[in-house]
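Below is one structure, written out as structure tokens; the observations come after it.
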Amino acid sequence: MNAPDFPDLSRRGFLVGTGALLVSFTVPALAQQAAPAAPAPAPAPAKTSPLPGSLADTPSLDAWIRVDADGSITVFTGKAELGQGTKTSLRQIAAEELEVEPAAIRLITADTALTPNEGYTAGSQTIQNSGTAIRFASAQVRQILVAKASDKLGVPVDQLKAQDGKIVGPNGASAGYGELVAADFLHVDAAADTRLKAPETYHAIGKPFARVDIPAKVTGGEAFVQDMRLPGMVHARVVRPPSYSAKLTGFEEAAVKAMPGVVAVIHDGDFLAVVAKQEFQAVKAMRAMAVTAKWQERAALPDQDQIPPFLEKSVAEIGTVTSVGADSAPGAKTLEAQFTRAYQMHGSIGPSSAVAMVDNGLTTVWTHTQGVYPDRKAIAEMLGVLPEKVRCIHTEGSGCYGHNGADDAAADAALIAQALPGTPVRVQWMRGQEHLWEPYGPAMLTKASATLDADGNIVNWHYDLWSNNHGTRPGSAGSLIAGRLMARHFPPDPAKLQISPLGNGDRNAIPLYDVPNQRVNWHFVADMPVRVSALRGLGAYCNVFSIESFMDELALAANADRVEYRLRHLKDPRAKKVIEVAAEKFGWSNDPMPEGRGRGLAFAKYKNHAAYLAIALEADVDRDSGAIVLSHVVCAVDCGEAVAPDSIVNQTEGGILQSLSWTLYEAVHFNDTRILSPDWSAYPILRFSAVPDSVAVHVVDNPGSPYLGVAEAAQGPTAGAIANAFRHATGKRIHDLPYTRERVKAVLGV
Amino acid sequence: MKLNVNGVSHDVEADPATPLLYVLRNDLKLNGAKFGCGLGQCGACTVMVDGQAIFSCLTPAMLVEGRQVKTVEGLGTIDEPGPMQTAFIEEQAAQCGYCIAGMMMRAQALLEAKPDAGDADIRQALEPNLCRCGTHMRILRAVARARDLMRSKSASMPAAAGRAS
Amino acid sequence: MKRFWMSVVVIVVVLGAGFFAYAWKPAIDPVEPPQRSSFDQSLIEKGAVLASVGNCTSCHTRPGDKSFAGGLAVPTPFGTIYSTNITPDPETGIGRWSQTAFTRAMREGVDRAGNHLYPAFPYDHFTLVSDEDNSALYAYLMTRQPVTKRPPANELPFPLNVRLVLAGWKLLFFDRGAYQNIASESAEWNRGAYLVNGLGHCGACHTPRNMLGAEKKGSHLAGGEAEGWTAFALDANSPAPVPWTRDSLFDYLRQGWHTDHGVANGPMGEVTGNLGRLADADISAMATYVASQMGEPSPQRTAKAQEIRTKLSADAGAVPIPVSASASAETPAGRGAVIFQAACATCHDGSRLPPFGGIDFHLSSAVNAPGPQNVINTVLFGLPAASGRQSAVMPGFAATLRDEQVTDLLAYLREAFAGQPAWPDAADRLTATRNGKYQVSVRPSDGIERGPDNVGAQDK
Ligand code: FES
Ligand code: FES
């Protein structure tokens, strides 16, 4: 995993390198395709471009695949391993089309010096975009190899096939990939048509392959950026202000400098850091510095008990997410409901970290960022250098779940390293720094209203949501904490309302349910007094929670079975299928349950164009303690062709348990000046005693159909299913996330 | 300071008050124990001392002088994984994997003290350790599998059990 | 001579019969479990608040089980008693109890069938509860979710397993009867006394007990014991370095912690949490009453408190290194100082605010207390995290610290933060606590009732 393994391997390195097969497309006119204008709920972007997946942005094959004279195959992806098993899945995909074993593929992930720019590893799009690109590129390379072999062996193409790194033909004719690329040409124009292998011939895709990263992680191998140890490396710790807007009014540099092992004290505006030879020396220096540093604070945070009114009065702009049919429709009944969600944390178990080194003008940063290219741009701007003067190499970190502190830690390291040229600098945040400074998932307010006809069918649907922007990633230097704190005080990027098919605060705001008349609006809140950004699922978590809670209320109003009612309003057979599978495997029924126990189901098609996922679960509610206990959870998911079924199950289980934790416990606390959730004491999350007895995930496979992102698909449906089980168990509905014991007790009374 | 880690004794040049975690990671270059909170709240730093699970982030190295420290590196190697490691690999019990070594060490301590630990014992023992990826179900399965592997091992060949414990 | 023996026999028989007549309690007829509709909702709500004052759920709920289903092991010096199921389940709970039967149990410590109850159920306090409050409690408990569950049989040696013996115990130690206002005191004081000495049964832990497990007369709230923890004196002998005031007592009972006193730990964590349902007026009444029991602090204590305040503000978050503690490895305190600096100071240097940051030990009642037990418990077992709840968390050092290291640390804490010599009985108590001879309940201090998810507790 460690970047120094392949320092020599640079783009120029193999453009001039002989013996390497390079295939390149001519860049099509429409390289960048912009998001279609609102309101159209457009199909997946991949479909709108002539080249599939990320090939649309990076069409040249040599950006993706390299075959060397020794027959070795290297695959490049701009995406990163974030604990979702990408390194394994992408190898499976390339190996499939190149007819080798996944183990034979060397995979190089996100590195601004080596790999294509695939933006962010986010939104569950790795397999959808990078996977698709690598799949087509690999198939194309295979075809070219076959063609080369046909010339070399004088055997017609149709009698040749690729097999274990060789092209073989009748009566023993065969040529290894290596021999073929040794031919004396450097460029081959791509054939327009690329045929993929048929599902029934797969040897790698959909087959269980153990994840390549796990053995190292369970034996103490060097697996994370936190584990990097470069020769001569020193340890840095940042000293953060006590609150977002605090200004540094004084500190005692000399006293701290004099401490054992301290090699530098970095001070730039409100940015403070200490560097020491040994890690614990840095920690002690940081503590000492924290005691001497004096800050001037300012009350700038909203009242945490009045978030809905705060959101309502801070609306900058109203965007139409969709507007279909009439504004209203006659009906028998109209129901309304309002839902809220608190600010919630990523809360990675390992605080953000990075290693940076300045070497004659080039700043190299090893970071667990989700986007090496955007991060490089922001860091370069912060340092006032050209992007080429910064190299960002993705190195695994603790699970990220969205935009956490990774980019900021990278910026910290890069900034500190400038003071110590030639010396690798390792930064790791303390727990409190992670908890207080990471960008949280934004608080949200949603209001739903629907009209039912005489048969209880939905004829009109209005849905309004109030939310910040869920994506404040780099960006520019102003998106980095260091950039904001340093004397130049780069301003945060202005928040813009953007409505795209990918969705942001409005992700999954459009119900997949079939309703003739729909109005969905995003009341955009530009003001961000609490630092926020992308948390797994973005708006989908709260929108699906709201919509699925509301659907249950509608079903009740229509005296319909809650599953039948959903099916009744769905056209898409794949949507119906996952609901049916979940209900059937769960053993859905309307039989009465013991007092305090309930069953709930929820469904969503993530982003309305990614994975289909339904969850059914059973919950016990203890009205006297306010505790909600989940006994068993059943989930059905359809993410198209299942490349690595076990990693789909693994990620979905994880999404369910994480969402369970958000839904039952999590809310960031703050007063008018400071965030008050500095650790796991003040911001508790799921512990083993509250883990369900069983969580069963059923993958509905669709061989041959396009990959659909899955990693975040469970967040919303889990919250919806818990909400609906609670309603079923108690006859009462809680409209606000999280479902704390206090809320449960308040709603149930005695 | 003399520290005995995974059966090997080391001379360590460090302030005796340094938390064991930093000594293991930096002076002994062992990656297993992770920094998660430094507050005894998450268990990412869990290692074993004389058979019991402890938070190495809050344990001054000087307190473990002359005692047996065991880290995940002491459970086996990538080529010869011990039962606990084998179980975690077989169950694919990791997502990001940051919490996993700590989970394994706490589970190891449980199984060494209570080889027939039941599923409820396992849940209760792991309570101090946090996982943010939601790998809990697999971790529970892996520990149960490790228990069974250790049982069968110690039944068949005591030597292996010796290494496992 | 013969006549004499006759009369002796007669007297014995008469006395015996008299005692039996006194001891024998009739069964009260079972009733059909009452419907919720038969109770006024406001009465049920009133009962919920009272039940939280009585801390009913803590003893009658096993961690991981349904509320009020009983079965929690209550260790006593005489043996283990298991709490009963007080859900309205007709077979295994109190579903068939009438109001009269319930009130009798509270007032006299006798169950519906007429059996005497063990005073682990604190009827010596509950007897003070008014009839109105008993009917509210009844309304609340009879409308809980019925759970079918039989607690294990008590583990008591003969003759204690013969309930008739309890009649004798009552004869000696039990004063029956509802609370009577004391005219000379304010209404608020009386309300406080009623709550503290009645349902609140504070004395059950905070008053010392005699050989036979009865609260010592004349030592009201003089300090006692609960589940392996010292329940500090709530009278003039309170060990709090900064004397309690009515206001600090109010805040502490209201929120489960106070800047001058730290976080409620051990069984007290549940108590403060349960009081959450109680109205401010009642909390303040309790504070008023307890404050009156403590009285005005002596001038010396007030002066000492002032010193501490000045010192703390001077330290401003820096780790206090007391002059007296020579950091030499020669003295126990010296060795303890090194351990403190390395293991404790990170959290206990006052840089992280309460309730989640560690207390500065200058303020710690435990360190200033006559006995070491609570410090031993906390050092060994720490504070387990509450599942899904905010709570102070502290790692236990049982596995890390050897016995002599613990006693060194204790010696340092005493010398440095209480200005007193080491506790003489530290080593013995440490051993007894470690080997389980002395049993300690470890609970999360999340300041909540013992909820079904509190598996952090070890009730052994
Ligand atoms: S890092 Fe030691 S408990 Fe969290
Ligand atoms: S696997 Fe990522 S924190 Fe546990």
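Letters A, B, ... mirror the listed sequences (proteins, then strands); counts begin at 1.
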Checking heavy atoms, do the side chain of [X], its backbone, both or neither come under 4.5 Å from chain B?
{"X": "Q281(A)", "result": "neither"}
{"X": "S694(A)", "result": "backbone"}
{"X": "V697(A)", "result": "neither"}
{"X": "H235(A)", "result": "side chain"}

Are [X] and [Y] close enough that some pair of their side-chain heavy atoms sits under 4.5 Å apart?
{"X": "T59(B)", "Y": "V64(B)", "result": "yes"}
{"X": "R240(A)", "Y": "M286(A)", "result": "no"}
{"X": "W429(A)", "Y": "V238(A)", "result": "yes"}
{"X": "Y22(B)", "Y": "S56(B)", "result": "no"}
{"X": "L3(B)", "Y": "V69(B)", "result": "no"}

Pairs of heavy atoms under 4.5 Å with chain B: top-ranked of [options]:
{"options": "G221(A), S353(A), G655(A), C400(A)", "value": "G221(A)"}
{"options": "R536(A), E653(A), Q658(A)", "value": "E653(A)"}
{"options": "L660(A), V695(A), D646(A)", "value": "D646(A)"}
{"options": "G347(A), P260(A), S348(A)", "value": "G347(A)"}
{"options": "Q278(A), E434(A), H346(A), K284(A)", "value": "H346(A)"}

Please flag which part of [X] lies under 4.5 Å from any non-hydrogen atom of chain A: side chain, backbone, both or neither.
{"X": "I100(B)", "result": "side chain"}
{"X": "D15(B)", "result": "side chain"}
{"X": "M104(B)", "result": "side chain"}
{"X": "L21(B)", "result": "neither"}
{"X": "I78(B)", "result": "both"}

Practice prompt. Indicate yes or no: does R123(B) engage D119(B) in a salt bridge with an N to O separation below 4.0 Å.
Written response: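 Answer for the salt bridge query: no.
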Discussion item. Ring of F55(B), cation from R106(B) - is the NZ or CZ under 6.0 Å from the centre and inside 45° of the axis?
Written reply: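 Yes, a cation-pi geometry holds between R106(B) and F55(B).
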Counting heavy-atom pairs under 4.5 Å to chain A, which of [options] comes out on top?
{"options": "M84(B), E73(B), Q92(B)", "value": "Q92(B)"}
{"options": "T71(B), N26(B), L30(B), I89(B)", "value": "N26(B)"}
{"options": "E90(B), M103(B), M137(B), K34(B)", "value": "M137(B)"}
{"options": "V72(B), L126(B), V23(B), T135(B)", "value": "L126(B)"}
{"options": "K29(B), R25(B), Q85(B), R138(B)", "value": "R138(B)"}

Worksheet item: Quick one: CD1 on I656(A) to OG1 on T663(A), what's the gap to the nearest 0.5 Å?
Response: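 Reported value, rounded in 0.5 Å steps: 11.5 Å.
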Fill in: From CD1 (I139(B)) to CZ (F688(A)), nearest 0.5 Å
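Going from the CD1 atom of I139(B) to the CZ atom of F688(A) covers 4.5 Å.
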Discussion item. Quick check on K207(A): does its NZ atom have over 12 non-hydrogen neighbours (other residues, nucleotides or ligands) under 6.0 Å away?
Written reply: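 Yes.
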Discussion item. Please find the pair of heavy atoms, one from N404(A) and one from G399(A), that lie closest to each other, and give the distance.
Written reply: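 Result for this residue pair: ND2-O, 4.2 Å.
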Worksheet item: In terms of ring plane angle, is the pair H435(A) and Y683(A) parallel, tilted or perpendicular, where the classes change at 30° and 60°?
Response: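 Aromatic pair H435(A)/Y683(A) classed perpendicular.
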